[in-house]
Amino acid sequence: MTDTAKKVNTTTTPKKAVPKVPEVLLKKRKLYADLKARRLRAQVQAAKHKKYKRLVIFKRAERYNSEYRKKERDLIRLKRSAKVRGNYHVEAEPSLAFVIRIRGIRGVHPRVKKVLRLFRLRQINNGVFVKLNKATIQMLRIAEPYIAWGYPNLKSVRELIYKRGFGKVNKQRIPLSDNSVIEKSLGKQHIICMEDLVHEIFNVGENFKKASNFLWPFKLNNPKGGWRKKANHFADGGDFGNREQYINRLLRKMV
Amino acid sequence: MAASRPLVSVYDEKGQSTGKSVVLPAVFRAPIRTDIVNFVHDQMRRNKRQARAVSDKAGEQTSAQSWGTGRAVARIPRVRGGGTHRSGQGAFGNMCRGGRMYAPLKVWRKWHRKINLKQRRYALVSAIAASGVPSLVLAKGHSIETVPEIPLVLTDKIQDLKKTKEAVGVLRKIGAWSDILKVYSSKHTRAGKGKMRNRRTVMKRGPVIIYDKDNGVKKAFRNVPGVSLLNVERLNLLRMAPGGHVGRFVIWTESAFKKLDALYGTWSKKSQLKTDFNLPQPIMTNSDLGRLLKAFEIQSVLRAPIKRQARRKVKKNPLKNIGLMSRLNPYAAVQKRQTLLTQLKGRRTGRTAESKAAARKERTHASLKTKRLSGVNFVKTTKTQKVGDATKTTTTTTKTKTSVATKSS
């Protein structure tokens with residue numbers, strides 16, 4: 001019951017007197033030594049792994065870059081070749097939209113309120129990426145007077161994610177200041193860096209839902225230079241509704 | 001508290017250790033619950049009170065009546081009649097001079113308190129246990145530096161003392177006299193009205209002598225200031241924990257000390273002298289916090305200590321901050337370099353991306369224009385060949401319309 005000093009048994013040297021060390025201390029020393037060894041090993045491994053990961057990210061970014069260029073040039077090429085033949089190239093309908101909430105909180109119809117909540121647009125000048133399909137397009141139609149949306153280009157997507165990108169980590173809004181933040185949440189979806197994220201969003205990949213849900217709704221500024229007229233549809237000289245590619249101009253002013 | 005029961009040596013009246021020793025009674029290992037002691041002491045202290053009240057006639061022995069409104073005076077009942085100062089004065093109200101007090105005190109106020117037997121016993125047991133802890137006794141304020149052992153057990157010879165002189169001698173020899181001296185020096189006049197109510201002086205409490213059989217102890221020690229005397233079978237919490245605080249200096253006689261096991265039991269054996277009583281169980285069997293916290297069983301399930309807490313960092317913009325950008329996207333440097341090179345080249349040669357696009361646009365415009373202008377009249381088609389920057393048009397015409405020279409950019 002009482003802790004007494006235990007003698008460390010050495011059967012090899014009977015002459016030399018080994019100092020008595022309490023058992024607890026010996027156990028602690030051993031434990032700490034083990035932990036230290038494990039930690040050092042893990043450190044070395046981590047450093048190696050980090051280097052490898054960086055290479056992987058570089059290669060991926062390079063590949064994406066050529067992919068984007070290729071897509072762009074392909075589109076132009078197809079259009080031109082069609083025009084030469086007197087034909088028409090109809091490009092695919094856009095699958096990605098960026099939706100911004102234009103109007104505030106007060107006096108919102110419950111149906112519109114619900115739709116905006118589903119889009120995670122709970123605050124004015126909040127923006128989210130939305131995959132376009134029949135369902136979401138109809139939702140956007142319901143909430144039309146409250147949102148400005150359109151088809152963002154690559155520069156818009158990159159600017160948003162790099163400058164205003166925050167991730168939902170453990171229900172907290174954590175800035176995307178390091179690739180590890182992305183990797184921890186989306187590593188399973190093979191998204192480990194900013195470029196992966198941008199690629200997933202822009203190309204509306206398989207894991208678009210996970211990727212865009214990971215991104216906290218973007219908090220944008222009011223546009224520099226002002227709105228046209230928030231009460232009207234964009235087509236009527238106002239601001240709300242689908243403004244297709246002109247969303248990019250707006251985003252330059254808001255991000 | 002450790003459950004070990006060491007031996008306590010018995011001292012004789014000269015302060016020397018006799019060879020004998022007694023096993024520490026289990027009471028001294030009981031949990032020390034100062035909260036229970038405080039509560040029980042508080043309740044017990046009320047039991048010696050005597051009723052007091054105000055006369056129920058006080059302030060009511062008038063026939064005062066309110067004058068009512070309209071006479072420019074307050075509506076308090078006023079004494080009737082005339083011819084004396086008292087007439088017209090306010091009466092009855094607690095605010096009035098000579099009136100009855102608010103809520104006149106009654107004798108049927110609850111003066112005494114019932115305390116559960118178990119609680120009473122628990123408190124006493126805690127108080128006894130605390131008296132065996134030297135630090136608690138010191139904290140209470142007793143001078144026990146010269147006392148040979150705590151708990152202090154003396155032979156039964158003490159019980160046969162007859163003279164106070166002998167009693168004082170004993171106290172000196174066992175080193176308890178400094179406590180008595182402390183009592184002497186603490187004698188002072190009471191603060192408050194007790195002064196004029198026959199409670200003029202107050203002083204500290206000294207040691208308490210606990211005996212088994214009174215063969216004169218009581219009389220011998222009772223004139224020594226500060227000393228209390230208790231029979232071990234009838235211990236008093238008000239004396240064992242004066243003020244509600246545990247840790248009074250106790251001097252036991254040997255037979256009293258030996259009786260404690262029979263009185264309070266050990267955990268394995270019930271008390272023999274009290275009906276249905278055994279020592280209270282402690283909540284923690286091992287309360288040695290130091291050892292517990294270092295124990296492997298606890299340390300192995302703790303998480304690692306947070307030595308450096310990660311604080312909030314200001315978010316930097318990677319589009320402006322090159323260091324951050326290269327950390328997030330190692331390819332960014334390459335991209336930036338490429339764009340810079342093309343920009344420089346454009347600036348040098350004058351062929352930027354915009355100028356190239358503009359040139360292309362011009363060419364398409366021109367070709368469309370020629371197509372439009374030279375529409376039906378042409379026999380042969382115009383061929384436009386691009387040679388470097390300049391465009392050469394070779395047309396063969398037969399009709400009137402001449403070929404339109406295309407502008408070369």
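Proteins get letters first, then strands, A, B, ... in listed order; numbering begins at 1 in each.
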Got more than 12 heavy atoms from elsewhere within 6.0 Å of NZ, K316(B)?
-> no
State, to 0.1 Å, how close L328(B) and M194(A) come at their nearest heavy-atom pair, and which atoms those are.
-> CD2-CG, 3.8 Å
Check whether Q299(B) gets within reach of chain A through its side chain, its backbone, both or neither, counting any heavy atom under 4.5 Å.
-> neither
Residues, nucleotides or ligands: over 12 heavy atoms within 6.0 Å of R54(A) CZ | yes
Checking E195(A) against chain B: side chain, backbone, both or neither under 4.5 Å from a heavy atom?
-> side chain
Flag the pair Y331(B) / K59(A) as yes when at least one side-chain heavy-atom distance between them is below 4.5 Å, and no otherwise.
-> no
Where do I57(A) and P330(B) come nearest, in terms of heavy atoms and distance?
-> CG2-CD, 3.5 Å
Answer yes or no: are there more than 12 heavy-atom neighbours, outside K209(A) itself, under 6.0 Å from its atom NZ?
-> no
Residue by residue, scan residues 35-47 of chain A and write down, ordered by number, those that have a heavy-atom distance under 4.5 Å to chain B; if none do, write 'none'.
-> none
If we only count heavy atoms from C-beta on, is the Y162(A) to N329(B) side-chain gap below 4.5 Å?
-> yes
More than 12 heavy atoms of other residues, nucleotides or ligands under 6.0 Å from CG of L293(B): is that the case?
-> yes
Exceeds 12 heavy-atom contacts within 6.0 angstrom, atom CD of E149(B) = yes
Counting only heavy atoms not in H190(A), do more than 12 sit closer than 6.0 Å to its NE2 atom?
-> no
Part of I182(A) within contact of chain B (heavy atom distance under 4.5 Å) = neither
Answer with side chain, backbone, both or neither: which region of F166(A) has an atom nearer than 4.5 Å to a non-hydrogen atom of chain B?
-> side chain
R327(B) and N179(A) have their tightest heavy-atom pair at O-ND2, 3.6 Å
Separation between CZ (R312(B)) and CD1 (I174(A)), nearest 0.5 Å, reads 10.5 Å
K315(B) (side chain) donor-acceptor with K163(A) (main chain) under 3.5 angstrom | yes
From the list L324(B), N317(B), T364(B), V334(B), the residue making the most non-hydrogen contacts under 4.5 Å with chain A is N317(B)
Sort R80(A) into side chain, backbone, both or neither according to what part of it lies under 4.5 angstrom from a heavy atom of chain B.
-> side chain
